[in-house]
Amino acid sequence: MIKKYSLVVLFSLAINLISAQDFDFGKVSTKELNEKVHPLDSSASAAYLYKHKKCYFRYLDNSGFELVTEVYERIKIYNKEGYDFATKAIPLYKASQGNREKIIGLKAVTYNLVGNKIEETKLKKDGIFESEMSEFYDQTKFTMPNIKDGSVIEFKYKINSPFIFNVDEFVFQHSIPVNKLESSFSSPEYYNYKLNSRGYLNIYPKITRVNSSLNIKSKTRSSMSSNVVSTTFSNDKINFFENKHIYSVTDIPALKEEPYINNIDNYRAAAKYELSYVQYPNSVPKYYSSTWKDVVKTIYDSPSFGTELNKTGYYNQDIDPLVSSLSDPMQKAAAIYNYVKSKVKWNGIYGKYTYNGVRKAYKENVGNVADINLMLTSMLRYAGLNANPVLVSTRGNGVPIFPTREGYNYVISAIDTGEGIILLDATSMYSMPNVLPTRVLNWEGRIIAKDGASSTIGLYPNEQSTKTIMMTTNLTANGDLSGSYRKVVKLHNARIYRNNYNEADEDGYIEKIEKSLDLEISDFEVKNSLDIGKPILESYKFVKESQADVIGDKIYFSPMFFYKSKSNPFKLEKRSYPIDFSYPSETTYRIIVDIPEGYKVETLPEIKSIALPEQLGSFKYNVTQKNNQIHLLVVESINKAIITPKYYEAVKTYYKILIEKENEKVVLTKI
């Protein structure tokens, strides 16, 4: 009986949970084709008329258990901005042993209304492209033919997968509305999956448990005599139950993206099923779902992580003379950090595991993120510092809310000074201690200590990155402007500046400024572009035409000139996800304007000062007249890297007032 039950592991009936009678493939209506705008969202460029996804298990006699995912989608295209939804890319997981997911039964049609007749254009084989994306993923991609404003497209396919742990995520919310969604996940009692939900829409499944059964075919061979073998076939009925999760939702609003967000997918309504454990009859459970302790242990025990971190012999003869004359631990850290940044170039590849290994990366002067930062951590430990690796999920990878090895895709280094933690990333030439590349500024990292214990640490900085702009200008009676400009930037602002400036040709860099601000530049100079311990100093002289409106005997102009803010980045009525500024910042403008001869000040904007709640930020605007000059001081401060949706309306109002104030005009009149 045990052998018979072992076959159950490889089988479950596919049960059709959802009836799509209202949306049969090929039954597109003239009403759908005639629709000009979405009835609930007139700004939508496209909409899911119907979105159907079903995951279940089936049994194959020769290969056993298989996970099946069925997808059927019908999409309305309203205008050209929605054409992107006519392209579909399907990732297909594969393993080194040769097992891989396969897509079958792909069928796709574009529908257009020509006169009163529905015209169908089918997807052909030459419109389907297969490619290898990485060691673990292939991709099937197709673009629907004959797309026009008003088209309706639909496609369906199945994915057969031998990987029971790799249940594709159920995504409920998109950048366009979803009229009707029906999805389901069904698994036999032997497989226990943990449901991880995310997003702000609180979409939950209806969970049911039903009795089911299956027939297991088996054969037995027995010897009748020395020359005769008899084979007996039999069917055994196995009773079991299935866990079913059913989703049925209508009118899902679009998740519209605004500026200042780290990764919109973090806040999109979705559900992920993670294999927790497998338990067959009369057997002990085998656990797959992880705690953070499990995750850290698995990563640390990997030969491409912990083993690489503990290698030291390849760099000793170079590090010893580098730090032997230094007694201060932080001086040693600085020397090693700068040495690694200059010694090993980053190849652009992320990873928490080494790519070539630390020895080869050191020898060939190139490596991935793990090669470089595990090497850095090892060297810091060798020099006597309390250094440990920090697992990180980059902004593009999302936030690892639930314990999973795939949640982290990057590693940096941390030094515990006893008074605080200093974070280092040697992949970026222009990064400094606690000034990490923006890609790494993503909520929390996880420090792994030498004993394997771990703890979280915030990745967002607390110190403000500053930018100070100073201009002394001369305004002519015809509205032209000339003057001198000086900018000082520090910390993250300086890191970004160095990346942009040092990686570009200077003439091209100047031309880019001239084009963006529509002015002519001379005497351009940058100081400290390579000395990352000092602030960046940029200066030049400029000439710009038509910076004031001359009407009769009056001149109107904003004393902010070409630096005034033009539009509010926050336009949504309501925002359900945080505002992510990456790092706290403060920008100061000090501008002096020489008034044209023969004119006097008639009107100055009023002094204004506003503050966000909880000291999240502030704005100060002060303009005064001193002799024949106008002096402007503007300070814009954001004190927190992350501001929760609770304060969205306050931030939106803050920027509204800021923009209005910066666009207010000084009025000059002839004497």
When you check the side-chain N and O atoms of [X] and [Y], is any donor under 3.5 Å from an acceptor?
| X | Y | answer |
| --- | --- | --- |
| Glu154 | Tyr111 | yes |
| Lys256 | Ser43 | yes |
| Asn409 | Thr394 | yes |
| Tyr191 | Gln279 | no |
| Tyr83 | Asp149 | yes |
| Asn166 | Glu101 | yes |
| Ser393 | Asn397 | yes |
| Arg446 | Thr456 | no |

Look only at the side chain of [X] and the backbone of [Y], and say whether a donor-acceptor pair between them is shorter than 3.5 Å.
| X | Y | result |
| --- | --- | --- |
| Asp138 | Lys94 | no |
| Lys244 | Val210 | no |
| His38 | Leu40 | yes |
| Asn146 | Thr121 | no |
| Asn34 | Thr30 | yes |
| Lys652 | Leu572 | yes |
| Lys194 | Leu275 | no |
| Asn263 | Gly396 | yes |
| Glu32 | Ser29 | yes |
| Asn179 | Tyr50 | no |

[X] bridged to [Y] by N-O distance under 4.0 Å:
| X | Y | value |
| --- | --- | --- |
| Arg58 | Glu66 | yes |
| Arg209 | Glu189 | no |
| Arg198 | Glu169 | yes |
| Arg575 | Glu258 | yes |

Tell me if the centroids of the rings in [X] and [Y] come within less than 6.0 Å of each other.
| X | Y | value |
| --- | --- | --- |
| Tyr137 | Tyr93 | yes |
| His52 | Phe23 | no |
| Tyr577 | Tyr200 | no |
| His245 | Tyr273 | yes |
| Tyr408 | Trp292 | yes |
| Tyr288 | Tyr277 | no |

Could you give me the CA-CA distance, side-chain angles and deciding distance for Glu70 and Lys158, then say whether salt bridge (Lys or Arg N to Asp or Glu O under 4.0 Å) is met?
CA-CA 5 Å; Glu70 294 183 5; Lys158 287 184 182 181; 3.7 Å; yes
After noting the C-alpha distance and the side-chain angles of Tyr204 and Leu195, does the key distance pass the side chain to side chain contact (heavy atoms under 4.5 Å, CB included) rule?
CA-CA 10 Å; Tyr204 300 110; Leu195 170 59; 5.8 Å; no
Could you work out, with ring-ring contact (aromatic ring centres under 6.0 Å, His included) as the rule, every residue matching Phe142, not counting sequence neighbours?
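Expected list: Phe155.
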Residues Asn262, Asn442; criterion side chain to side chain donor-acceptor pair (under 3.5 Å); working and verdict
CA-CA 7 Å; Asn262 56 4; Asn442 192 32; 3.1 Å; yes
Start with the C-alpha distance between Ile77 and Asn79, add both sets of side-chain angles, then the distance that settles side chain to side chain contact (heavy atoms under 4.5 Å, CB included), and finish with yes or no.
CA-CA 6 Å; Ile77 308 292; Asn79 52 49; over 6 Å; no
Might you point out which heavy atoms bring [X] and [Y] nearest each other, and give the distance in Å?
| X | Y | answer |
| --- | --- | --- |
| Ile164 | Val278 | CD1-CG2, 4.5 Å |
| Pro177 | Ala254 | N-CB, 3.8 Å |
| Val390 | Ser413 | CG2-C, 4.3 Å |

Sort and list the pairs that fulfil salt bridge (Lys or Arg N to Asp or Glu O under 4.0 Å) and have at least one residue in residues 78-92, not counting sequence neighbours.
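Every pair satisfying salt bridge (Lys or Arg N to Asp or Glu O under 4.0 Å) with a residue in residues 78-92: Glu73-Lys88.
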Students often mix this up, so state it plainly: with edges at 30° and 60°, are the rings of Phe185 and Phe57 parallel, tilted or perpendicular?
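Geometry flag for Phe57 against Phe185: perpendicular rings.
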Would you call the rings of Tyr655 and Phe581 parallel, tilted or perpendicular if under 30° counts as parallel and over 60° as perpendicular?
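If you compare the ring of Tyr655 with that of Phe581, the planes turn out parallel.
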Side chain to side chain, [X] and [Y], heavy atoms closer than 4.5 Å:
| X | Y | result |
| --- | --- | --- |
| Ile75 | Leu49 | no |
| Lys54 | Thr69 | no |
| Glu257 | Leu255 | no |

Run Asp251 and Lys180 through salt bridge (Lys or Arg N to Asp or Glu O under 4.0 Å) and show every step you take.
CA-CA 6 Å; Asp251 297 329; Lys180 186 173 183 180; over 6 Å; no
Report yes or no: is the cationic atom of Lys53 (NZ for Lys, CZ for Arg) closer than 6.0 Å to the six-membered ring centre of Phe170, at no more than 45° off its axis?
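Cation-pi check for Lys53 and Phe170: passes.
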Could you check whether atom [atom1] of [X] has more than 12 heavy atoms from other residues, nucleotides or ligands sitting under 6.0 Å from it?
| X | atom1 | result |
| --- | --- | --- |
| Lys107 | NZ | no |
| Asn462 | CG | no |
| Lys272 | NZ | yes |

Kindly determine whether Asp265 and Arg268 satisfy salt bridge (Lys or Arg N to Asp or Glu O under 4.0 Å), including the steps that lead there.
CA-CA 5 Å; Asp265 288 336; Arg268 196 182 304 282; 3.0 Å; yes
Are Glu649 and Lys574 close enough, and set up right, to give a salt bridge (Lys or Arg N to Asp or Glu O under 4.0 Å), and what steps lead you there?
CA-CA 8 Å; Glu649 190 60 41; Lys574 184 180 180 181; over 6 Å; no
Set out, in order, the CA-CA distance, both residues' side-chain angles and the distance that settles side chain to side chain contact (heavy atoms under 4.5 Å, CB included) for Phe172 and Val249, then state yes or no.
CA-CA 9 Å; Phe172 305 131; Val249 192; over 6 Å; no
Who are the salt bridge (charged side-chain N to carboxylate O under 4.0 Å, His left out) partners of Arg439, not counting sequence neighbours?
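Partners of Arg439 by the salt bridge (charged side-chain N to carboxylate O under 4.0 Å, His left out) criterion come out as none, since no residue qualifies.
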Consider side-chain contact (heavy atoms from CB on, under 4.5 Å). Of Ile457, Val392, Val440, which one does Leu423 pass it with?
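When side-chain contact (heavy atoms from CB on, under 4.5 Å) is applied between Leu423 and each of Ile457, Val392, Val440, only Ile457 qualifies.
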Which is it for Ser151 and Thr110 under the side chain to side chain donor-acceptor pair (under 3.5 Å) test, yes or no, and what are the steps along the way?
CA-CA 7 Å; Ser151 294; Thr110 300; over 6 Å; no
Would you please test Asn639 and Leu616 for side chain to side chain contact (heavy atoms under 4.5 Å, CB included) and show each step?
CA-CA 5 Å; Asn639 301 327; Leu616 295 173; 5.8 Å; no
